[in-house]
Peer 1: 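The structure's right below; bear with me while I get my questions together.
We name chains A, B, ... by the order of the sequence lines, and we start the count at 1 in each one. Every value quoted in this text rests on a predicted model; they were computed, and no experiment measured them.
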Number of protein chains: 2
Amino acid sequence: MGKATIGDVAARAGVSKSTVSQYLNKRYQHMGQETRTKIEEAIEALDYRPNVLARGLKQKRTGSVGVIVANIMHRLSTEICRGIEDYCQEQNISVILCNSDEDGEKEKKYTEMLQAKQVDGIILLPTGKNGPLYESLAEQGYPILFMDRRVNNVKADTIVVDNRKAVTRAVEHLASLGHRSIVLATGPLTISTRTERTEGFRAAMRELGLDDGSGNIINAEISSLKDRLGKRFEEPEAPTALIAGNDLVLLEALAFVKEQGLRVPADLALVAFDNIPFAHLLTPTLTTINQPSLEMGRKAAERLITRIRSEEAPEAAEFVFECELVVRESSGQAR
Amino acid sequence: MGKATIGDVAARAGVSKSTVSQYLNKRYQHMGQETRTKIEEAIEALDYRPNVLARGLKQKRTGSVGVIVANIMHRLSTEICRGIEDYCQEQNISVILCNSDEDGEKEKKYTEMLQAKQVDGIILLPTGKNGPLYESLAEQGYPILFMDRRVNNVKADTIVVDNRKAVTRAVEHLASLGHRSIVLATGPLTISTRTERTEGFRAAMRELGLDDGSGNIINAEISSLKDRLGKRFEEPEAPTALIAGNDLVLLEALAFVKEQGLRVPADLALVAFDNIPFAHLLTPTLTTINQPSLEMGRKAAERLITRIRSEEAPEAAEFVFECELVVRESSGQAR
DNA sequence: TCGGTTTACTAAATCGGTTTACTTCAAGAG
DNA sequence: CTCTTGAAGTAAACCGATTTAGTAAACCGA
């Protein structure tokens, strides 16, 4: 037997579809207690469950949001997703998860797909490669929220961390241990996270009277990172400390350290962005810059859903979270 | 302006909705080239995108599948999700992600929600706490697929790894290094993964003429694991090797090792299930039993989608993947 | 030039709900 | 006894697509 419909329930309860619909939506004002009971029984007997497609078609709300992340395999993305999921679960909203793979085309395809699916809103960890798309979404008044990375010229809610402050703290921490030649390594400057960290780094170094020349800033593709590090170490004033811009950079840095037989922190102190799991189990344990990813995810979902439910779209806002510097063994005294 | 509908397109192209619908579904047989062009133009001009809710309502297919995992934060779950997502992306299917949190109630709520959403099928990493639910889904002929954990008495596709063989290899490996007192530590025996590993362990130990008594098997809640380990180490024939049943157990084991000041592998050799990230960066590097999680995820999606698309449901099948023992430093020679 | 095909297209029903506007009936007011 | 009002409920339109059954016009052979 096919699934029961509202019509079946109505027939069995001996009332009209309209009344059943009222019941389903908990509008009991115009309904006798008796009718209510009959409907309840019919629903129970038929194991009826409303078709949310049909409902969504009429109501123009589907109770689902889309999330597009660059890559769910990154720890940060996973944690953000979990935060989003947690909140949505409480609110009975379902989450459609998409991986853009840092590919602008996929990102575009996905936003279109999500809109076709009539999701009520989208949370985007943007690739940054679809400026016009972001703008048009925001202008349409479509509920959209950006995370982790800022996009320019787009009036939409944004949730990020204070990258400048985070990197400043890391630099100050290392400087306080006597480090003077500190290197920052990140991927190419294609997204706000990296540019902000780079700028923050430059400013902090200058502030402390340390070399702020570009020699200590490495913005390179992961694949050429070890090369670049190798070259830097051959130059005068070899680095005594390194800040890794994310988990992938850290992996390369650790591989470099291993190959060169460097000792941490004696030869090179290490600080890494991202909530590296096992940071406390590595030898030496690793100093990290943690992001409150779960809370950020929760906040994102909360903000988006509030926006969806409120009649008028509130002014676009930016929420800035603080990172936490967790000092462990890898950032030790300079020689 | 509200979004354009098929009616708007039809009006603008000067044809009927039916014709536009034919066009959308690429049934050009009964359509003049001229009409086709006009429709194309209208769609372009109005930036029309079909409403998949409406389509799904009529067609009874939504092009989306649900995935319920116990906890996305587990590395294994994340990887499985990624595999599923990859395949679905290729097939233009969207993925609704749910976290059951090992909570039977949530799992139930989610399956109901997914069915209400008319998803075409469900991939479940079951909590194991909803036997009747699993059965009824399978009996209804609803496309459902179980992963990672087997469920009894349910005729449905299942994707698992060969846990017995995996644990046997690990035991043999350790035995070949001279270890005679090997301990297996897992969580409580509530799911097939753990019981299979435990049984496989027992069999392998017996096969090798080693102590197969239950003294070397610890099935305990994570919270009491360190206690149990401590007690076992006070008994005669202290363990020289430990197999950790998953990543959480490993964390406890490592904490225990640290507290007790044990040296790995000199005092205790370690082997851990799951694709622990950083396994190759820990000191010593960690021997792991890797699961082909990405392929398993892909396979799951492929199988489910094939089943959805085929008219008749194929016979339920079980797909068993092999684990890979990756030997690193933590499993060294016994004293 | 007439009946039969083919081609190109359309009207209307349908999917399963929600919502609006209306009806019916009983009780209370005057 | 009539009029108003409120309670309880319903018929029908609607959401935006697909699909079925059918039609109008062109073409074609005899």
Peer 1: Between P on dG17(C) and CD on Gln118(A), what's the gap in Å once rounded to a whole number?
Peer 2: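 After rounding, the gap between these two atoms is 18 Å.
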
Peer 1: Could you pull out all residues at least two apart from Phe319(A) that satisfy ring-ring contact (aromatic ring centres under 6.0 Å, His included)?
Peer 2: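 Not a single residue meets the ring-ring contact (aromatic ring centres under 6.0 Å, His included) criterion with Phe319(A).
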
Peer 1: Provide, to the nearest angstrom, the distance between the CG atom belonging to Asp8(A) and the P atom belonging to dC15(C).
Peer 2: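 Asp8(A) atom CG is separated from dC15(C) atom P by 11 Å.
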
Peer 1: Whole angstrom is fine here: how far is it from OH in Tyr23(A) over to C1' in dG9(D)?
Peer 2: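 Answer to the nearest Å: 17 Å.
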
Peer 1: Does any part of the side chain of Leu24(B), heavy atoms only, come nearer than 4.5 Å to the side chain of Ile6(B), both counted from C-beta?
Peer 2: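 Heavy-atom side-chain distance check passes, below 4.5 Å.
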
Peer 1: Pairing check on dA21(D): which nucleotide meets the Watson-Crick or G-U wobble criteria with it, both distances under 3.5 Å?
Peer 2: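 dT10(C) - that is the nucleotide pairing with dA21(D), both distances being under 3.5 Å.
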
Peer 1: Assign a letter to each nucleotide of nucleotides 15-28 of chain D from its 5' end: B, base within under 4.0 Å of a protein heavy atom; S, sugar-phosphate only; -, no contact.
Peer 2: BBBBB---------

Peer 1: Apply the test side chain to side chain donor-acceptor pair (under 3.5 Å) to residues Thr127(B) and Glu102(B): give CA-CA distance (whole Å), side-chain angles for both, the deciding distance (0.1 Å), then the verdict.
Peer 2: CA-CA 5 Å; Thr127(B) 62; Glu102(B) 299 283 4; 5.7 Å; no

Peer 1: Evaluate Tyr23(B) against Glu40(B) for side chain to side chain donor-acceptor pair (under 3.5 Å), listing each step before the verdict.
Peer 2: CA-CA 9 Å; Tyr23(B) 173 88; Glu40(B) 244 151 48; 2.9 Å; yes

Peer 1: Searching all strands shown, indicate the nucleotide that pairs with dT4(D) (Watson-Crick or G-U wobble; both distances under 3.5 Å).
Peer 2: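 Pair assignment: dT4(D) / dA27(C).
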
Peer 1: So, for Phe146(B) and Pro126(B), which heavy atoms are closest and what is the spacing to 0.1 Å?
Peer 2: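 Closest approach of Phe146(B) to Pro126(B): CD2-CG, 3.8 Å.
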
Peer 1: Partner lookup for dA26(D), please. Criteria are Watson-Crick or G-U wobble with both distances under 3.5 angstrom; report none if nothing qualifies.
Peer 2: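 Because both required distances fall under 3.5 Å, dA26(D) counts as paired with dT5(C).
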
Peer 1: If only atom types and distance count, is the side chain of Asp103(A) paired as donor or acceptor with the main-chain N or O of Glu105(A) below 3.5 Å?
Peer 2: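 The answer is yes, because a donor-acceptor pair under 3.5 Å joins these two groups.
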
